[in-house]
Amino acid sequence: MLEEVERWLDRRSWSVADRPLERILAAKRNTKVSVVLPALNEEATVGDIVAVIRRELMSEAVPLVDELVVIDSGSTDRTAEVAAAAGARVVARDAILPRIPAVPGKGEVLWRSLMVTTGDVVCFIDADLRDFSADFVSGIVGPLLTDPDVDFVKAMYDRPFGDTPGQGGRVTELVARPLLNLHWPQLAGFVQPLGGEYAARRSLLERLPFPVGYGVELGLLVDALHTVGLDALAQVDVGVRKHRHQDGLALGRMAAAIYRTAQLRLSRGHLVRPRLTQFERGEKGFEPRTHAVDTEERPPMAEIVEYARRRVA
């Protein structure tokens with residue numbers, strides 16, 4: 001590990017206990033905080049997450065979060081109804097920036113969320129978390145409110161797989177961590193580089209391109225490093241993250257998208273065949289299934305005319 005990273009770990013890695021809520025609230029002043037949950041068919045969990053945030057971080061006694069928005073990216077279940085009933089403002093992905101046709105993908109939803117939120121600090125939380133703790137929000141928002149030199153904060157946590165404890169996801173350990181260590185060693189200190197819980201200043205997010213799919217977390221992390229430097233990045237230990245795990249085939253598609261995102265940032269070159277073939281057992285043996293790899297990216301939001309007009313207004 002680079003000496004620079006070792007120093008960064010001491011300087012920019014914290015526990016949620018390092019910043020009590022009283023200290024965070026005292027530092028908040030007029031800073032507005034938005035929390036965004038990207039959601040697709042998450043009726044089983046999204047309501048509980050919204051309820052915890054409203055109860056513990058949006059009360060008169062603890063007014064940490066000013067805006068709580070669920071972006072529904074085309075759910076076919078009751079995600080939107082459950083989120084609204086729990087107290088979130090629900091916005092349909094396709095209703096945001098209708099001039100630009102939406103494409104499937106988590107990064108697409110996060111990018112569009114900048115258009116319908118107003119916070120100076122924007123906090124992203126995955127909508128499939130179980131046993132959700134408000135520490136996931138206060139932990140990663142805290143450094144942005146108490147330290148003006150910090151621009152981007154990721155959550156770190158234990159991530160058990162079933163009953164097996166562990167630190168990272170499978171794609172993190174097999175794809176993202178090797179890529180970061182080999183090509184962006186300054187980012188080798190991040191425990192959960194692909195984690196979906198992170199917060200950043202709007203002034204940074206609006207300057208970054210957003211990969212539309214699974215590569216969004218790696219892309220934002222790498223681009224944030226190049227934009228504001230390692231010392232403006234941080235991570236906070238928030239405990240344990242429990243969520244719904246995806247199957248191996250979905251993880252393969254995720255890995256391909258992440259590799260493509262890394263490749264673009266390494267060379268901005270052309271991938272000859274941005275597709276991934278996997279195999280599933282069918283009636284006649286193993287059958288190939290070929291999927292497109294996410295290659296599209298949205299430009300920095302600051303370049304979108306509707307966003308610029310909103311800011312002027």
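Bear in mind that the values here come from a model prediction, so they are computed numbers and not experimental data.
Counting only distance, with no hydrogens or angles, the side chain of Arg170 and the backbone of Leu251 share no donor-acceptor pair below 3.5 Å. For Arg265 (side chain) and Val222 (main-chain N/O), no donor-acceptor pair under 3.5 Å exists by modelled atom type. Between the side chain of Ser113 and the backbone N or O of Leu110, at least one donor-acceptor pair lies under 3.5 Å. Of the possible polar contacts, none joining the Trp8 side chain to the Glu3 backbone as a donor-acceptor pair under 3.5 Å is found. Between the side chain of Asp237 and the backbone N or O of Gly239 there is at least one donor-acceptor pair closer than 3.5 Å. With hydrogens and angles disregarded, no donor-acceptor distance shorter than 3.5 Å links the side chain of Ser13 to the backbone of Asp10. Without hydrogens or angle criteria, Lys154 side chain to Pro193 main chain gives a donor-acceptor distance under 3.5 Å. Side chain of Asp223 to backbone of Leu220: no donor-acceptor contact under 3.5 angstrom is found. Using modelled atom types, one side-chain atom of Arg12 and one backbone atom of Asp231 make a donor-acceptor pair closer than 3.5 Å. Checking side-chain atoms of Glu206 against main-chain N and O of Leu114 turns up no donor-acceptor pair under 3.5 Å.
Between the side chains of Thr45 and Arg130, not a single donor N or O lies within less than 3.5 Å of an accepting N or O. A donor-acceptor pair shorter than 3.5 Å can be found between the side chains of Asp72 and Ser75. Looking only at atom types and distance, the side chain of Arg54 has no donor-acceptor partner in the side chain of Ser59 under 3.5 Å away. Side chain to side chain, Glu217 and Tyr198 meet the donor-acceptor criterion of an N or O pair below 3.5 Å.
Considering every non-hydrogen atom in both Arg177 and Val191, the closest pair reads NH2-O, 2.9 Å. Taking all atoms of both residues into account, the shortest heavy-atom contact from Pro38 to Asp126 is CG-OD1, 4.4 Å. When all heavy atoms of Leu144 and Val150 are compared, the pair lying nearest together is CD2-O, 3.3 Å. When all heavy atoms of Val116 and Arg89 are compared, the closest pair comes out as O-NH2, 2.7 Å. Among all heavy-atom pairs drawn from Ala234 and Trp14, the shortest one is CB-CZ3, 3.5 Å. When all heavy atoms of Thr261 and Pro211 are compared, the pair lying nearest together is CG2-CG, 4.0 Å.
Taking CG of Leu97 as the start and OH of Tyr307 as the end, the distance is 11.0 Å to the nearest 0.5 Å. In this structure, CD on Gln263 lies 10.5 Å from CG on Leu179, to the nearest 0.5 angstrom. The line from CG of Leu221 to CG of Leu233 is 6.5 Å long, rounded to the nearest 0.5 Å. To the nearest 0.5 angstrom, Glu306 atom CD is 4.0 Å from Arg99 atom CZ. Here CZ of Arg310 is found 12.5 Å from CD1 of Ile304. Values are rounded to the nearest 0.5 Å. Between the OG1 atom of Thr76 and the CG atom of Leu40 there is a distance of 7.5 Å, given to the nearest 0.5 Å.
For Gln186, the side chain to side chain donor-acceptor pair (under 3.5 Å) partners two or more places apart in sequence, or in a different chain, are Glu4.
Val236 and Val240 end up in different hydrophobic clusters when Ile, Leu, Val, Met, Phe, Trp and Tyr side chains are linked at under 4.5 Å. Both Leu230 and Leu2 sit in one connected hydrophobic cluster of ILVMFWY residues. Membership requires side-chain heavy atoms under 4.5 Å apart, directly or through other members. Residues Leu182 and Leu194 fall into different hydrophobic clusters, defined by Ile, Leu, Val, Met, Phe, Trp and Tyr side chains chained together at heavy-atom separations under 4.5 Å.
A salt bridge is defined here as a Lys NZ or Arg NE, NH1 or NH2 lying under 4.0 Å from an Asp or Glu carboxylate O, and Arg207 with Asp151 fails to meet this definition. Electrostatic pairing of Glu108 and Arg298 counts as a salt bridge here, judged by a charged N lying under 4.0 Å from a carboxylate O.
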Handout entry: Criterion side chain to side chain contact (heavy atoms under 4.5 Å, CB included) on Val69 and Ser34, from CA distance to verdict
Key = CA-CA 8 Å; Val69 182; Ser34 299; over 6 Å; no

Exercise for the section: Begin with the C-alpha distance, continue with both residues' side-chain angles, and end with the deciding distance and a verdict on side-chain hydrogen bond (donor to acceptor under 3.5 Å, both in side chains) for Glu43 and Thr79. Expected result: CA-CA 4 Å; Glu43 67 174 351; Thr79 291; over 6 Å; no

Exercise for the section: Kindly determine whether Ser133 and Val238 satisfy side chain to side chain contact (heavy atoms under 4.5 Å, CB included), including the steps that lead there. Expected result: CA-CA 9 Å; Ser133 167; Val238 297; over 6 Å; no

Practice task
Start with the C-alpha distance between Thr117 and Arg202, add both sets of side-chain angles, then the distance that settles side-chain hydrogen bond (donor to acceptor under 3.5 Å, both in side chains), and finish with yes or no.
Solution key: CA-CA 10 Å; Thr117 55; Arg202 177 177 295 271; 2.8 Å; yes

Exercise for the section: Please assess Leu9 against Gln235 for the test side chain to side chain contact (heavy atoms under 4.5 Å, CB included), listing each intermediate value before the final yes or no. Expected result: CA-CA 9 Å; Leu9 281 169; Gln235 60 184 349; 3.6 Å; yes

Exercise for the section: Decide side chain to side chain contact (heavy atoms under 4.5 Å, CB included) for Ser73 and Ile71; before the verdict, give the C-alpha distance in whole Å, the side-chain angles of both, and the deciding distance to 0.1 Å. Expected result: CA-CA 6 Å; Ser73 56; Ile71 310 292; 5.7 Å; no

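Here the side chains of Leu37 and Val50 are in contact, with some heavy-atom distance below 4.5 Å. Looking at Thr118 and Lys32, their side chains come closer than 4.5 Å, going by heavy atoms from C-beta outward. No side-chain heavy atom of Asp120 sits less than 4.5 Å from a side-chain heavy atom of Arg201. Side-chain contact between Pro299 and Trp111 is present, with heavy atoms from C-beta onward closer than 4.5 Å. Inter-residue side-chain proximity for Arg241 and Leu129 is flagged as met; some heavy-atom pair is nearer than 4.5 Å. A heavy-atom distance below 4.5 Å is not found between the side chains of Ile140 and Phe124. For the pair Leu225 and Phe152, the minimum side-chain heavy-atom distance is 4.5 Å or more. The side-chain heavy atoms of Val35 and Val141, taken from C-beta on, include no pair separated by under 4.5 Å.
Among Val121, Thr146, Asp66, the one residue that satisfies the side-chain contact (heavy atoms from CB on, under 4.5 Å) test with Lys28 is Asp66.
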